[in-house]
Amino acid sequence: MNLPFAESFKTKMVEPIRKSTRKEREKWIKEAKYNLFNLKSNQVFIDLLTDSGTGAMSDRQWSEMMLGDESYAGASSYYKLKNAIKEITGFDYFLPTHQGRAAENVLFSVLVKDGDLVPGNSHFDTTKGHIEFRKATAIDCTIDEAFDTIIKHPFKGNLDLVKLETVLKSNPVKKIPLIIVTVTCNSSGGQPVSMQNLKDVKNLADKYGIKVIFDSARFAENAYFIKKREKGYENKTIKEIVKEMFSYADGMTMSSKKDAIVNMGGFIGFREEELFKQASVFNIMFEGFITYGGMSGRDMNALAQGLYEGTEFDYLETRVEQVAYLGKKLDEYGVSVLKPFGGHAIFIDAKRFLPHLPKEEFVAQTLAVELYLEGGVRAVEIGAIMADRDPVSRKNRFPELELIRMAIPRRVYSNNHMDYVAACCANVMERSAEIKTGVKIQKEAPILRHFTVELERI
Ligand SMILES: *Cc1c(COP(=O)(O)O)cnc(C)c1O
């Protein structure tokens, strides 16, 4: 018989978690103004808010923590990380930052100016935030298939080359400082970008003399999908695939809290010394000296180790297959989930779940609240609240997809937890016709409002 799938790790330390009653949860979510970011973590049983910084470090990463060099300048931890980045990505220059958005802030301080255009594939919210904060515009050039939750396309993160070239052709090149390719594409559901598409985007960018920067938070999961789905890569190692992917970029921003399996950290990778030097000025201003940039030595050590572990096939298989396990369970229960399953998360199509709710009542947010009430499961809305208002008209933006994302922390939960989550979703679906009204906004911030928005039930 074929041997069944089993995790590529065993448990050495545990953290107890607590169930709660529906009555408690009703009180807590009301106090949290129906914003799941406002819940205390001990009010949550299974926390799928994000896979960012929530992973379990390995025994090797923890032992690296003890070897951290906390020298202000030129620490050995910096060089350890520099070597790991060079070995894994091929980039000669790098700057540590405290997390991914800090990398964006530093790099965009050099590259992005008022009135610029930044094309890419469904920019992540902080990326878009940092672009719009500089009065520039993010232009989404993702392929149309990405917006259909049912269509099976192996690389729904791909950029549409026609859309991209239209932007490049119809605007002055000096208004387009960079193209951002997000691997995997978080905002369109953790969907991968194919190697062919990375290559094509780079060729097109080169034709116009525009830089390509990878927003690389989940580059290793992207490589896993290339190995599984793209012809010619089935026999290559993840590390070989990763190297080739980055050969089609001029630089990268990284949220190390994702595929580098650390709880905090980020960096920027550069091919050219000149850009590195310009960015160094902003790094020193915003993050810290160039050999630590907001990270302690021990954290840089754990990150270096995490980059090696995060690009191992066995680890990635365990990770991505667990996400798919949850997806398949939900599918069996008839819950409408985005397909193919993403690398880090399962996305429920809230419009199909609650078809009777008008978009003005924030469909996905309503569903996320209901899921919490059902079983203490915390997911996150990726819909109209996260889409923010249009920076010019200040009107609510209503994206084509209203999703709730259930992101799976790395090496944290078992498949029993996945079964529990799937059962919660099935129960909410069973009573979905009784959910007659959604939520409305009481208070909101001018940008990235989803983190702090205050809501009430209609
Ligand atoms: C998480 C993430 C970021 C931002 O990184 P932080 O570490 O959260 O600041 C940027 N881009 C993508 C694709 C991400 O997933």
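For ligands, and for the atoms within them, numbers begin at 1 and follow the listed sequence.
Around atom 5 (O) of ligand 1, the closest heavy atom drawn from Ser52, Ser255, Ala103 belongs to Ser255.
Proximity of Val380 to Thr50: side-chain heavy atoms (C-beta onward) are nowhere separated by under 4.5 Å. Side-chain contact between Leu367 and Glu402 is absent, with no heavy-atom pair separated by less than 4.5 Å.
A distance of 10.5 Å separates NZ in Lys128 from CD1 in Ile139, rounded to the nearest 0.5 Å.
Geometrically, ligand 1 and Gly100 share a nitrogen or oxygen pair separated by less than 3.5 Å. For ligand 1, one of its N or O atoms has an N or O atom of Asp215 under 3.5 Å away. Considering backbone and side-chain N/O of Gln99, one or more are found under 3.5 Å from N/O of ligand 1.
Between Glu244 and Lys236 there is no salt bridge, since no side-chain N of the basic residue sits under 4.0 Å from a carboxylate O of the acidic one. Under a 4.0 Å N-O distance rule, the pair Arg378/Asp47 qualifies as a salt bridge.
With Glu234 contributing its side chain and Gly232 its backbone, the two residues share a donor-acceptor pair below 3.5 Å. Checked by atom type and distance alone, the side chain of Arg410 pairs as donor or acceptor with a backbone atom of Lys258 at under 3.5 Å.
The ligand atoms of ligand 1 that sit less than 4.0 angstrom from a heavy atom of Thr126 are 3 (C), 4 (C), 10 (C). Proximity to Glu104 (heavy-atom distance under 4.0 Å) selects the following atoms of ligand 1: 10 (C), 11 (N). Below 4.0 Å from some heavy atom of Arg218 lie the following atoms of ligand 1, by number and element: 15 (O). Atoms of ligand 1 found under 4.0 Å from any heavy atom of Thr182 (numbered from 1 in listed order, with element): 13 (C).
Of the protein's non-hydrogen atoms, the one nearest atom 14 (C) of ligand 1 is Lys258 NZ, 2.9 Å. Ranking protein heavy atoms by distance to atom 8 (O) of ligand 1, first place goes to Arg101 NH2, 3.0 Å.
Between the side chains of Asn301 and Ser77, at least one donor N or O sits under 3.5 Å from an acceptor N or O.
If you look at Lys257 next to ligand 1, the close heavy atoms, those under 4.0 Å, all belong to the side chain.
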